[in-house]
**Q** 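Take a look at the following structure, please.
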Amino acid sequence: MQKILSAMDNIRLFDDLARKKSAIHSLHPVAKLITTFAFLLFLVSFGRYEIIKLLPFVAFPLFMIIKADLPLIPLGQRLLVVEPLIVGVGILNPLFDPAGWLTFASIMIKATLTVVAALVLVGTTGMDRLASALYKLKVPDMFVLQLTLTYRYIFVLVEELVVMMRAYSLRSYTQKGISFKDGGPFVGQLLLRTLDRAQRVHYAMGLRGFQGRYPDDGQTSLKAKDLVFALGWIGFFLLCRFYNWPALLGLLLGGIQ
Amino acid sequence: MSHHKIEVRNLAYSYPDGCQAIRDISFTIRHGESVGIIGANGSGKSTLLMLLLGIMFPSKGQVLVGDVALTKKTLAMIRQRLQLVFQDSDDQLFTTSVFDDVAFGPRNYNLSPTEVDTRVDEALEQVGIAHLKYKAPYKLSGGQKKAAAIATVLAMHPDVLIMDEPTSGLDPKSRRRLIDILKCFDHTKIITSHDLDLVLDTCQITIVINDGTVAAIGPTEEVLSNRELLERCDLEVPLSIKLRSLQGNGRHDAD
């Protein structure tokens, strides 16, 4: 029960983080979205044996985390949730490829940086402002709506789950969790309850003029600082893509190539 | 100002399972009136509100707002005039901050960012939670959530404010604050509630719904003093009227 309650708090964490005030938070969401997208594109463009060249890319999420003052532990916890999946994808490489450990490391680094960049983007922007940025970038309405409503549905689902779990655990104090026998009806009821609740939320949205498109959040156009941020980082990614900075640095400092 | 008039003509509604929730209801609410709709559980109050707002459409009869009949075509226009505060504030507050929630409606009507900001500030000031502007709705207390939910509709500048069980789950202080807010809203109000003292405090006219029909309609004081009518509709005379009548009897005995 306690785990579910803390999960509920955790799930709100990114909304809370997105409300913080920092230089990164104040940037235009479009600038952050484009920069993160460019980061991911450049990251996946490297070959599977080019591990060293990936290292400078750590700078971008690190810079964002420090400047936005994002807490490391919750980010790490979320990363840990995804890591087993990444390991599962890459772990077979050493069996079939002589240089398999290299490709495994490459997959790990790329996937980890991708997840961290996505978490940082949501933690510094928030889903609503991201949706607004996606509209501005002419992403189809249906896609943005699916994304935002799915995100919101998670809250409804967790809230209803907490209510049902509380009621269940209060009347089943001799057992832990939900018994197998009750599992089916429990899940069925949960889905019906969330459907009902989601419908009421939809009514509330409809009554305030919602017609299938999230309203613009009133963000003004890109400012000079947004352009400097986006172009500066994209320039950095370009340099990292076409020059092997770790090798150059090694050569410069220690004569090692 | 007859454009705020709401006319309900021979309204009937059956749910898909065949349950007839509303049977031939007719009444008129004039501009500026505060109307209480009361009735026992399952009497059809909430269904009636859904029909007034076009969340559902009647099987028979019609709803007129001003001279405009409520249809799918006129829905968007009518919803700018009529706004509902839900019984459960959590259904109404779905974004990440109070500001965004209150701004949701005005933004949907494509108002300028400056106008949206002004409306949000005014609405939050009106309900006394301006200091909670950037707070997450889920972190608010029950009373604060209710105030935020009211602010979300006040920011739409509605001509008619509709409230479904507004005092449910509120402590006495929050309830008193809500009554004060309601008294400050000088347009038309429609309130459905089991809290008959609230209806007595805030509404001039009361409509009693029983089994999907109008059992009585008239001045609140008169309707709520009618013990026989209220008992027939599974309701009770409000405590304040009982108290008044007891005090009256006491004085009578003393005389």
**Q** Using a 4.5 angstrom heavy-atom cutoff, name the option from B/Pro106, B/Gly105, B/Ser112 with the most pairs to chain A.
**A**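 It is B/Gly105.
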**Q** Does B/Lys135 NZ have over 12 foreign heavy atoms under 6.0 Å away?
**A**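 Counting neighbours around NZ of B/Lys135, 12 or fewer heavy atoms of other residues, nucleotides or ligands fall under 6.0 Å, so no.
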**Q** Could you tell me which non-hydrogen atom of A/Arg19 sits nearest to which non-hydrogen atom of B/Ser97, and how far apart they are?
**A**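 Nearest heavy atoms, A/Arg19 then B/Ser97: CD-CB, 4.1 Å.
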**Q** In terms of heavy-atom contacts, does CZ of A/Phe143 have more than 12 from other residues, nucleotides or ligands at under 6.0 Å?
**A**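 It does not: A/Phe143 CZ has 12 such atoms or fewer within range.
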**Q** Could you tell me which portion of B/Phe104 (side chain, backbone, both or neither) has an atom closer than 4.5 angstrom to a non-hydrogen atom of chain A?
**A**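 It is both, since atoms from each part get that close.
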**Q** Could you please spell out the steps behind the side-chain contact (heavy atoms from CB on, under 4.5 Å) verdict for B/Lys139 and A/Asp16?
**A** CA-CA 11 Å; B/Lys139 286 185 175 166; A/Asp16 291 342; 3.4 Å; yes
**Q** Looking at B/Asp90 and A/Arg200, is any side-chain nitrogen of the basic one under 4.0 Å from a carboxylate oxygen of the acidic one?
**A**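 Looking at A/Arg200 and B/Asp90, the cut-off is not met.
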**Q** Which residue out of B/Thr96, B/Ile55, B/Val116 racks up the most heavy-atom pairs below 4.5 Å with chain A?
**A**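 Option with the top pair count is B/Thr96.
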**Q** Given 3.5 Å as the limit, does a donor-acceptor pair link the side chain of B/Gln83 with the main chain of A/Leu207, or not?
**A**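 It does hold such a pair.
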**Q** Quick check on A/Ile73: does its CD1 atom have over 12 non-hydrogen neighbours (other residues, nucleotides or ligands) under 6.0 Å away?
**A**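 It does not: A/Ile73 CD1 has 12 such atoms or fewer within range.
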**Q** Considering only heavy atoms, which portion of B/Phe94 lies under 4.5 Å from any heavy atom of chain A: side chain, backbone, both, or neither?
**A**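 Answer is both: backbone and side chain atoms of B/Phe94 are under 4.5 Å from chain A.
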**Q** Could you check whether atom NZ of A/Lys20 has more than 12 heavy atoms from other residues, nucleotides or ligands sitting under 6.0 Å from it?
**A**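 Result for NZ/A/Lys20: enclosed.
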**Q** Are more than 12 heavy atoms, taken from residues, nucleotides or ligands other than A/Phe37, located less than 6.0 Å from that residue's CZ atom?
**A**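 Atom CZ in A/Phe37 is not crowded, with 12 or fewer foreign heavy atoms closer than 6.0 Å.
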**Q** Which atoms of A/Met205 are under 4.5 Å from chain B, going by heavy atoms: the side chain, the backbone, both sets, or neither?
**A**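 The answer is both parts of A/Met205.
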**Q** Return yes when atom NZ of B/Lys183 has more than 12 non-hydrogen atoms of other residues, nucleotides or ligands closer than 6.0 Å, and no otherwise.
**A**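 For B/Lys183, atom NZ is crowded (more than 12 foreign heavy atoms under 6.0 Å).
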**Q** When you measure from the side chain of A/Arg208 to the backbone N and O of B/Ala103, does any donor-acceptor pair fall under 3.5 Å?
**A**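 No, the answer is negative, given that no donor and acceptor are paired below the 3.5 Å cut-off.
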